[in-house]
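Here is the structure we will look at, set down as structure tokens.
Counting convention: from 1, in listed order, for ligands and their atoms alike. Since this is a predicted model, take the numbers as computed values, not measurements. Excluded from the calculations below are hydrogen atoms, water molecules and symmetry mates; all remaining heavy atoms, backbone and side chain alike, are included.
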Amino acid sequence: MKKILLTIAALTCGLFIAQAQPGMGGGFGQMPQINVTFDPYVEAPAGFDAERPGIAHGTLESVEYKSESVGTIRKATVYLPPKYDASKKYPVLYLLHGIGGDEREWLDGVPNIILDNLIAEGKAKDMIIVMPNGRAQVNDSKEGNVMATFPAFAQFDKDLLGSLIPFIESKYSVYTDKMHRAIAGLSMGGGQSLNFGLANMDVFAYVGGFSSAPNTNMPEVLIPDVEKTKAQNSLLWMVCGSEDNLMYNSSRLKAFCDEHGIPCTLINYPGEGHNFVVWKYGLYKFAQLIF
Ligand code: FER
């Protein structure tokens with residue numbers, strides 16, 4: 001069922017690009033090729049995403065918060081690291097889903113297992129991961145014509161900054177400065193992370209885009225002030241599958257950053273398209289670079 005939905009979404013996506021961006025070379029398979037130098041792809045070790053017996057495990061929980069901007073009670077999924085202890089403080093990664101997903105989509109990428117393993121090996125800091133619903137509208141369900149919910153993804157910054165972050169900071173024992181907040185996401189969530197993360201560098205020091213979608217702003221919009229971004233962003237990190245026709249969203253930003261001397265990573269995941277192989281890898285790498 002999921003496969004069918006994704007196929008429908010992918011076909012619709014192709015049409016959307018062709019219509020929305022005439023001049024850009026048509027639909028899937030003919031997107032503009034942007035020449036960039038990718039950062040080296042280093043394979044994740046076997047078992048990075050497999051549950052390991054004998055290590056401490058974190059927990060997953062579902063939470064609800066009142067959204068001022070949407071006017072409803074909204075849901076998020078929260079990962080608490082192993083032995084979460086309210087007498088300590090934790091950094092927070094906000095992890096966003098794609099056009100066909102909701103607050104549970106990332107569970108397909110086993111973020112709890114990936115983080116449990118990284119934390120057990122001392123490769124990532126203890127952290128809380130918040131997986132919200134990024135479709136900021138009254139009916140935020142992933143059922144029906146998800147492509148029609150595209151505009152609601154652009155409204156999510158108000159809910160995130162105005163309601164979700166304050167809620168998380170009141171409910172959990174977390175740091176509340178930018179050096180302890182990261183934002184990353186897959187596809188539409190990658191676009192949101194780049195758009196919101198770079199527009200709010202006082203809130204998020206670390207920004208990740210995995211297979212970022214056509215909602216990704218143009219580089220000049222993402223980075224209107226090169227010197228400010230250099231000074232205020234601590235990590236701008238991207239990955240995209242080599243077979244993913246959405247690569248141009250990432251490569252045009254990488255090209256802009258290289259041209260202006262802004263530190264930026266873009267890994268070209270070999271042989272993969274728009275899927276959780278790439279997104280799990282993205283989380284595995286990104287989680288080791290933050291905090
Ligand atoms: C599009 C191509 C891809 C698009 C959205 C996507 C609305 C998003 C895909 C995803 O989130 O998985 O043209 O336009």
Practice problem: Using the side chain to side chain contact (heavy atoms under 4.5 Å, CB included) rule, take K158 and F196 through it: C-alpha gap first, then chi angles, then the decisive distance, then the call. | Solution: CA-CA 10 Å; K158 298 177 194 68; F196 305 155; over 6 Å; no
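- Of all the atoms in ligand 1, the ones that sit under 4.0 Å from a non-hydrogen atom of F150 are 7 (C), 14 (O).
- For ligand 1, the atoms sitting less than 4.0 Å from at least one non-hydrogen atom of M147 are 4 (C), 5 (C), 7 (C), 14 (O), numbered in the order shown with element in parentheses.
- Residue contacts with ligand 1: I99 is placed with a nitrogen or oxygen under 3.5 Å of a nitrogen or oxygen of the ligand (distance criterion only).
- Annotation for ligand 1: atoms under 4.0 Å from non-hydrogen atoms of G98 are 11 (O).
- Within ligand 1, counting atoms from 1 as listed, the ones closer than 4.0 Å to a heavy atom of P214 are 1 (C), 2 (C), 3 (C), 4 (C), 5 (C), 6 (C), 13 (O).
- Side-chain N/O atoms of R104 and T77 include no donor and acceptor closer than 3.5 Å.
- Ligand-side atoms of ligand 1 in range of S187: 8 (C), 9 (C), 10 (C), 11 (O), 12 (O), range being under 4.0 angstrom from any heavy atom.
- For ligand 1, the atoms lying closer than 4.0 Å to a non-hydrogen atom of H274 are 9 (C), 10 (C), 12 (O).
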Practice problem: Assess whether ring pair (Phe, Tyr, Trp, His ring centres under 6.0 Å) is satisfied between F286 and Y206, documenting all intermediate values. | Solution: CA-CA 9 Å; F286 185 75; Y206 318 88; 7.5 Å; no
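- Distances between N or O atoms of A213 and those of ligand 1 include no value under 3.5 Å.
- Side-chain contact annotation: Y65 with D159, donor-acceptor N/O pair under 3.5 Å present.
- Note: H274 and W279 have perpendicular aromatic rings, judged against thresholds of 30 and 60 degrees for the angle between ring planes.
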Quiz item: What's the verdict on salt bridge (Lys or Arg N to Asp or Glu O under 4.0 Å) for R74 and D140, showing C-alpha distance, side-chain angles and the deciding distance?
Solution: CA-CA 8 Å; R74 310 197 71 224; D140 63 7; 3.1 Å; yes
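- A donor-acceptor contact closer than 3.5 angstrom is absent between the side chains of D102 and N133.
- Heavy atoms of L246 found under 4.0 angstrom from ligand 1 belong exclusively to the side chain.
- Residue contacts with ligand 1 do not include H97, since none of its heavy atoms lies under 4.0 Å from the ligand.
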